[in-house]
Amino acid sequence: MKFKRINDIALKVLAGLYLAVSLVLTFTVSDYYIFNRIGEFNFVFVFCQWFKKCGLLLIPLAVYYNKKCCADIAKYFLPVFIIVSCCTSGSFFDVTLLTDGASPAQKVFASINEFMPKAANMALFFIACVVELACCALLFVRDGWKVNAKSFIYLPLAIVAVMPLNIFENFFDISSIPQDSFLRFRNFTVWHFLALAILVGFTVGCYYLLKRFDKKKQQEFLIAGAIVLLIQYHSKDSMLLGDGYNVYNTVFAAIPLFICNMGVYVSSLSVILKKRVLYAISFFVHAAGALTVFIYFGKDEMSNYGIFCSYSILYFCLTHCLLFGLCVLPSALGHYKFKLKDCIIPIVYYCFVIIFATVTSGLVSTFLTTYSYDGYTIVIGDYGTADMSPPNYAFTQVNPLPLPFDYIPFTIGNCTFYLSYLIALYAVYVGLFWIFTGGYYAFLAVRRRIFGGQPQKSPVPVVPIALSEAAATENEEVLPENEEEKVG
């Protein structure tokens with residue numbers, strides 16, 4: 001018994017170390033740079049790196065949630081790819097954007113982004129490999145050699161879940177596609193409406209799939225979704241450093257001060273920790289935020305999503321579908337019921353978000369406009385006419401609203417902000433939060449009117465609200481932590 005306890009503790013510590021090191025490695029150019037350049041690197045190594053990332057999903061579920069199917073896949077699937085990747089890395093660690101052919105602005109970006117020395121990158125890479133192998137070995141010690149063949153049914157799902165979304169860029173050259181091409185993603189194009197349809201289908205599909213299971217199983221699927229969301233969200237770190245994401249080119253854009261970036265952490269932690277305050281913030285603030293950007297992606301001149309299958313749009317659609325699902329499904333499935341009093345903390349939370357985002361945006365912009373490399377200082381301004389767009393955390397620097405609000409100016413560093421605009425921005429978003437919440441209560445009222453408060457046998461969730469009969473019952477609350485397993 002004592003040995004088993006020591007093994008379990010060691011597993012949890014090593015799994016935590018593996019996740020921490022893997023997170024740091026996402027802040028290297030090479031981490032995702034290879035996936036849309038398979039021809040430039042060892043084909044075997046590239047696919048080993050892809051399959052190794054399954055460990056980011058399988059190991060936490062196997063170690064912290066005792067998922068036997070994940071443990072079976074991890075201990076028999078991962079070691080081969082880990083070992084092969086260590087032997088075939090080739091020029092992986094030599095990736096650098098500080099080249100003679102780079103433009104002055106690209107050199108400035110690279111000098112900021114490539115902050116991790118090659119030796120540190122190599123050390124962390126091999127440490128991650130060793131720790132991942134150690135986790136697989138300790139899973140053998142914990143569970144033995146026996147394996148359930150049915151476990152491997154989930155292997156294709158794990159591989160797809162951690163797919164590097166820039167891998168499709170091996171099949172086209174975005175620079176050769178005209179800006180007015182049908183393939184380009186813009187507001188109110190067929191691709192926009194397809195993205196909105198995908199959000200609807202994803203949310204409704206997940207609801208109908210999960211409602212077939214008991215609460216414990218639903219919770220496990222939601223946690224798996226949260227882990228996938230975090231994996232794909234942090235893939236953007238490396239993309240920012242290498243190819244850029246949308247209009248952003250520096251590591252500072254990885255600071256999670258965009259409303260949906262914060263929502264990734266809040267919604268993920270809400271289903272992992274099952275805390276009412278996190279559920280409330282997730283449902284009241286971040287569900288509306290995720291939905292809003294699907295309805296209107298912002299001014300076209302402020303964005304550069306590329307074509308429908310480029311990394312930027314695939315990343316956006318996948319992460320925001322997962323985000324919206326994690327925000328509304330706990331309520332739809334009856335894990336949590338939003339009450340009016342629950343809006344107080346989210347409203348205060350968003351006020352602090354606006355304040356902190358404004359200060360950070362000003363400080364980062366000031367640094368970027370005063371930092372020079374090789375005698376060149378970048379110019380921040382409108383997309384397409386300057387070297388880069390402002391950081392614009394939580395839309396505090398660039399006004400997406402159709403009306404100007406340039407009153408009561410104040411400065412942070414060398415940046416000017418307008419208090420009138422920030423107040424208007426806060427008011428507009430709080431208004432959107434209430435519209436979303438009003439839709440939630442309207443749905444419940446209509447449902448009670450039609451069905452007399454009785455559960456509907458074949459409910460049709462309303463999207464964007466995607467709420468079920470489970471969310472309409474009067475006695476729903478967040479379940480106490482030790483009661484989850486008693487449900488169903």
Side-chain angles (χ1 to χ4, degrees), residues 36 163 165-169 171-207 228-229 232-233 235-236 239-240 243-248 253 258-264 267 285-329 382-384 389 392 394-395 398-403 425 428-429 431-433 435-436 439 461-466:
N36 59 356
M163 176 188 293
L165 300 177
N166 59 334
I167 202 164
F168 299 102
E169 294 180 1
F171 305 108
F172 63 87
D173 179 7
I174 188 66
S175 62
S176 66
I177 300 176
Q179 287 293 327
D180 60 352
S181 170
F182 168 75
L183 299 176
R184 291 277 180 177
F185 190 94
R186 293 284 189 274
N187 277 302
F188 312 120
T189 61
V190 64
W191 306 116
H192 180 175
F193 295 114
L194 178 60
L196 189 57
I198 290 172
L199 174 68
V200 173
F202 177 83
T203 307
V204 174
C206 287
Y207 167 73
V228 172
L229 174 58
Q232 292 292 355
Y233 169 74
S235 71
K236 179 168 61 66
M239 287 299 297
L240 278 167
D243 295 316
Y245 165 70
N246 197 5
V247 297
Y248 301 106
F258 300 96
I259 184 170
C260 290
N261 292 171
M262 291 176 287
V264 167
S267 64
V285 174
H286 295 295
L291 178 63
T292 301
V293 291
F294 266 99
I295 295 174
Y296 179 61
F297 285 79
K299 297 175 182 176
D300 285 336
E301 61 269 23
M302 291 170 54
S303 304
N304 179 29
Y305 283 105
I307 66 173
F308 71 97
C309 59
S310 57
Y311 174 82
S312 289
I313 190 60
L314 291 177
Y315 163 84
F316 177 90
C317 288
L318 175 61
T319 55
H320 284 68
C321 281
L322 285 168
L323 170 59
F324 186 74
L326 290 174
C327 288
V328 301
L329 287 174
D382 295 335
Y383 172 70
S389 298
N392 201 29
F395 293 108
V398 180
N399 182 2
L401 303 176
L403 299 174
L425 179 68
V428 166
Y429 262 97
L432 291 173
F433 302 155
I435 290 172
F436 178 84
V462 176
V463 177
I465 301 177

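A donor-acceptor pair under 3.5 Å links the side-chain atoms of Q232 to the main chain of M163, judged by distance alone. With hydrogens and angles ignored, the 3.5 Å screen pairs no side-chain donor or acceptor of S267 with any backbone N or O of L326. Under the 3.5 Å distance criterion, the side-chain polar atoms of T203 are matched with a main-chain donor or acceptor of L199. Within the 3.5 Å criterion, the main-chain N or O of I177 finds no donor-acceptor partner in the side chain of S181.
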Dump the intermediate steps for side-chain contact (heavy atoms from CB on, under 4.5 Å) on Y311 and D243, then the final yes or no.
CA-CA 10 Å; Y311 174 82; D243 295 316; over 6 Å; no
Applying side-chain contact (heavy atoms from CB on, under 4.5 Å), run through F395 and Y429 and close with a yes or a no.
CA-CA 11 Å; F395 293 108; Y429 262 97; 3.4 Å; yes
Worked check of side-chain contact (heavy atoms from CB on, under 4.5 Å) between F436 and T292
CA-CA 10 Å; F436 178 84; T292 301; over 6 Å; no
As a quick check of understanding, evaluate side-chain contact (heavy atoms from CB on, under 4.5 Å) for F171 and C309, giving each step before the final call.
CA-CA 10 Å; F171 305 108; C309 59; over 6 Å; no
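Contact check for C317 versus I198: no side-chain heavy atoms found under the 4.5 Å cut-off. N392 is listed as a side-chain neighbour of Y248, based on a closest heavy-atom distance under 4.5 Å. In this structure, the side chains of Y315 and N166 stay at 4.5 Å or more apart for every pair of heavy atoms. Between V285 and I259, some side-chain heavy-atom pair lies under the 4.5 Å cut-off. Side-chain contact between T319 and L229: present, with at least one pair of heavy atoms (C-beta onward) separated by less than 4.5 Å. By the 4.5 Å heavy-atom criterion applied to side chains, H286 and M262 are counted as neighbours. Using a 4.5 Å cut-off on side-chain heavy atoms (C-beta onward), L318 and L165 make contact. No side-chain heavy atom of F168 sits less than 4.5 Å from a side-chain heavy atom of S310.
Taking CE from M239 and CG from N246, the interatomic distance works out to 11.5 Å, rounded to the nearest 0.5 Å.
Every side-chain contact (heavy atoms from CB on, under 4.5 Å) that F193 has, sequence neighbours left out, goes to F188.
Test F258, W191, Y233, F294 against F316 for ring pair (Phe, Tyr, Trp, His ring centres under 6.0 Å) and you get one pass: F294.
Taking the six-membered ring where the residue is Trp, H192 and F185 present tilted rings, their angle falling between 30° and 60°.
Of all heavy-atom pairs spanning L432 and A288, the tightest one is O-CB, 4.1 Å.
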